[in-house]
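Order of the sequence lines fixes the chain letters, A, B, ..., with proteins taken first and strands second; residue numbering starts at 1 for each chain.
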Protein chains: 2
Amino acid sequence: MHYEDIKILIKQRRRILGISQNDLALLSNIGLRTIKALESGKANPRLATLNKVFNVLGLELIIRIKDIDE
Amino acid sequence: MHYEDIKILIKQRRRILGISQNDLALLSNIGLRTIKALESGKANPRLATLNKVFNVLGLELIIRIKDIDE
DNA sequence: ACACAAAGAGCAATATGCTGCATTATTGTA
DNA sequence: TACAATAATGCAGCATATTGCTCTTTGTGT
């Protein structure tokens with residue numbers, strides 16, 4: 001998973017849900033400044049931060065064994 | 001995904017590969033102290049940290065839309 | 001039991017994520 | 001165009017992850 005994925009995914013998903021960055025910040029209890037950092041790709045977020053945002057967006061992080069062929 | 005999962009997964013996976021915490025630290029270019037924190041569950045790691053470790057362990061993080069029924 | 005390797009834990013220094021505030025830019029709508 | 005809502009950016013302070021150092025504890029093999 002790359003930062004680009006997160007950047008795009010969060011923004012896409014947020015728009016699907018029809019909420020603003022500010023809404024997402026309030027709902028996830030994360031600073032607006034951090035949401036913006038996430039969506040602009042300038043972020044190396046902590047796991048807890050990512051989880052909070054993902055919970056609101058209905059996304060989840062999972063770990064899996066890497067496929068050989070990719 | 002919860003911290004518990006990471007804690008267990010990393011340790012399990014590392015042992016499957018037959019390497020020590022120190023080996024993992026060197027291979028992933030992460031401080032030994034951080035590896036220990038990860039495996040003892042006292043960690044809210046940064047995404048980059050998790051990625052480095054997972055790369056060595058042949059694991060990967062992926063994002064998916066949460067299932068309704070779980 | 002003994003020796004050695006591996007793992008766990010406390011501490012302080014450093015790096016950097018997270019935050020709010022203020023400002024500017026962009027986008028959407030009437 | 002004008003206005004409002006949303007988004008982007010710079011900055012500084014705070015919070016905390018990361019790190020090496022050191023010591024202790026646990027595990028493994030002889």
Might you point out which heavy atoms bring [X] and [Y] nearest each other, and give the distance in Å?
| X | Y | result |
| --- | --- | --- |
| A:L57 | A:R13 | O-NE, 2.7 Å |
| A:I62 | B:R64 | CD1-NH1, 3.7 Å |
| B:Q21 | B:R14 | N-NH1, 3.3 Å |

Sort me out a list of protein N/O and nucleotides 19-26 of chain C N/O pairs below 3.5 Å, or just none if empty.
{"from": "C:dT19", "atom 1": "OP1", "to": "A:G31", "atom 2": "N", "distance (Å)": "3.4"}
{"from": "C:dT19", "atom 1": "OP2", "to": "A:G31", "atom 2": "N", "distance (Å)": "2.9"}
{"from": "C:dT19", "atom 1": "OP2", "to": "A:T34", "atom 2": "OG1", "distance (Å)": "2.5"}
{"from": "C:dG20", "atom 1": "O6", "to": "A:R33", "atom 2": "NE", "distance (Å)": "3.3"}

Provide, to the nearest angstrom, the distance between the [atom1] atom belonging to [X] and the [atom2] atom belonging to [N].
| X | N | atom1 | atom2 | result |
| --- | --- | --- | --- | --- |
| B:L38 | D:dT19 | CG | P | 9 Å |
| A:K36 | D:dA5 | NZ | P | 15 Å |
| B:K7 | C:dG8 | NZ | C1' | 12 Å |
| B:L50 | C:dG17 | CG | C1' | 15 Å |
| B:N22 | C:dA7 | CG | P | 9 Å |
| B:I19 | C:dA6 | CD1 | P | 12 Å |
| B:K11 | D:dT26 | NZ | P | 13 Å |
| A:Q21 | D:dT9 | CD | C1' | 12 Å |

Next on the checklist: Given 3.5 Å as the limit, does a donor-acceptor pair link the side chain of B:S28 with the main chain of B:L24, or not?
Outcome noted: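 Yes.
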Checklist entry - Do B:N51 side-chain atoms and B:A48 backbone N/O form a donor-acceptor pair below 3.5 Å? => result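 Looks like no, no N/O pair under 3.5 Å.
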Next on the checklist: On DNA chain C, does the nearest nucleotide to B:S20 precede the nearest nucleotide to B:R46 from the 5' side, or the other way round? Give the residue.
Outcome noted: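 Residue closer to the 5' terminus by nearest nucleotide: B:S20.
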Checklist entry - Heavy-atom count around A:L26 CG within 6.0 Å, excluding the residue itself: above 12? => result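 Enclosed.
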Checklist entry - Would you say a side-chain N or O of B:R14 is under 4.0 Å from OP1 or OP2 of C:dA7? => result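 True: B:R14 side-chain N/O within range (under 4.0 Å) of C:dA7 OP1/OP2.
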